[in-house]
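The block underneath contains the structure these notes are about, expressed in structure tokens.
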Amino acid sequence: MRSLIAGFLLLLLPAVSSAQPWVPRDVEMALDRIQQAFRTADPASIEDMIPSGITMRLADSLYRDISSIQAMHLLKNYFADKDSIDFHMIGVPGRGTMYYTQNGQRDTVNVDVWLMRGRFDVNIYALNISNYPTATVFFNIPRSKK
């Protein structure tokens with residue numbers, strides 16, 4: 001009986017360790033969709049998750065309360081000049097790292113995604129695709145020119 005229980009636990013352990021039991025299923029599915037969209041550099045697949053009035057930081061530019069059409073245009077332009085992209089969510093839900101190649105140079109950028117519950121589903125509230133600290137993402141802080 002002990003060997004049966006031990007065998008069951010060994011089969012169950014990898015699935016339990018990869019799941020995040022504190023994250024609701026709809027949020028987990030939304031994060032999976034975002035991860036896939038960033039890996040394929042195709043933001044059109046998450047267009048329905050981007051509401052009007054979104055705040056985004058892309059590299060050094062901050063966009064506040066922009067329309068969903070403008071947000072999609074900016075995201076498509078951001079991904080257009082990347083040669084290859086690899087994106088991985090890390091332990092904290094909504095936080096990840098994007099590795100990309102642009103003009104033969106490999107670079108890394110942090111990604112933070114804030115979600116909010118919509119009327120019927122989960123939407124993206126704000127998006128930070130930059131190496132700015134998360135705490136300053138909603139503030140327009142210009143970097144000093146050296």
* Worked check of side chain to side chain contact (heavy atoms under 4.5 Å, CB included) between Tyr132 and Asn110 -> CA-CA 8 Å; Tyr132 277 86; Asn110 296 323; over 6 Å; no

* Asked: Could you walk me through whether Val113 and Ile124 pass the side chain to side chain contact (heavy atoms under 4.5 Å, CB included) check?
  -> CA-CA 7 Å; Val113 179; Ile124 299 173; 4.3 Å; yes

* To do: Would you please test Leu58 and Leu75 for side chain to side chain contact (heavy atoms under 4.5 Å, CB included) and show each step?
  => CA-CA 8 Å; Leu58 297 175; Leu75 283 171; 4.0 Å; yes

* To do: Please test Asn123 against Leu115 for side chain to side chain contact (heavy atoms under 4.5 Å, CB included), starting from the C-alpha separation and ending with a verdict.
  => CA-CA 6 Å; Asn123 293 322; Leu115 299 176; over 6 Å; no

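For residues 82-110, the pairs satisfying ring pair (Phe, Tyr, Trp, His ring centres under 6.0 Å) are Phe38-Phe87, with sequence neighbours left out. The ring pair (Phe, Tyr, Trp, His ring centres under 6.0 Å) contacts involving residues 42-78 comprise nothing, where partners must be two or more places apart or lie in separate chains.
Remark: Glu47 pairs with Met72 by the side-chain contact (heavy atoms from CB on, under 4.5 Å) rule, at least two apart or across chains. Ser84 pairs by the side-chain hydrogen bond (donor to acceptor under 3.5 Å, both in side chains) definition with Thr101, not counting sequence neighbours. Partners of Asp26 according to the side-chain hydrogen bond (donor to acceptor under 3.5 Å, both in side chains) rule, which considers only residues two or more places apart in sequence or in another chain, are Arg117. Remark: Arg33 pairs with Asp48 by the salt bridge (charged side-chain N to carboxylate O under 4.0 Å, His left out) rule, at least two apart or across chains.
Heavy atoms only, all atoms of each residue included: Thr108 and Asn131 are closest at O-ND2, 3.3 Å. The minimum heavy-atom distance between Ser67 and Ser52, with the atom names listed, is CA-OG, 3.9 Å. Among all heavy-atom pairs drawn from Asp83 and Asn103, the shortest one is OD2-N, 3.1 Å. Here the shortest heavy-atom pairing between Ser130 and Arg57 reads OG-CD, 3.3 Å. Nearest heavy atom pair, residue Ala71 against residue Ile50, reads CB-CG2, 3.9 Å.
Rounding to the nearest 0.5 angstrom, the gap separating the CD1 atom in Ile90 from the CZ atom in Arg95 is 6.0 Å. Between Asp112 atom CG and Leu127 atom CG the span is 8.5 Å, to the nearest 0.5 Å. Put simply, CD1 on Ile54 and CZ on Arg64 are 14.5 Å apart, with the number rounded to the nearest 0.5 Å. With values rounded to the nearest 0.5 angstrom, Thr55 atom OG1 is found 6.0 Å from Tyr125 atom OH. Ser68 OG to Met49 CE: the interatomic distance, rounded to the nearest 0.5 Å, is 13.5 Å. Rounding to the nearest 0.5 Å gives a distance of 4.0 Å between CD1 of Ile66 and CE of Met56.
Within 6.0 Å of atom CZ in Phe79, more than 12 heavy atoms from other residues, nucleotides or ligands are found, so the atom counts as buried in its surroundings.
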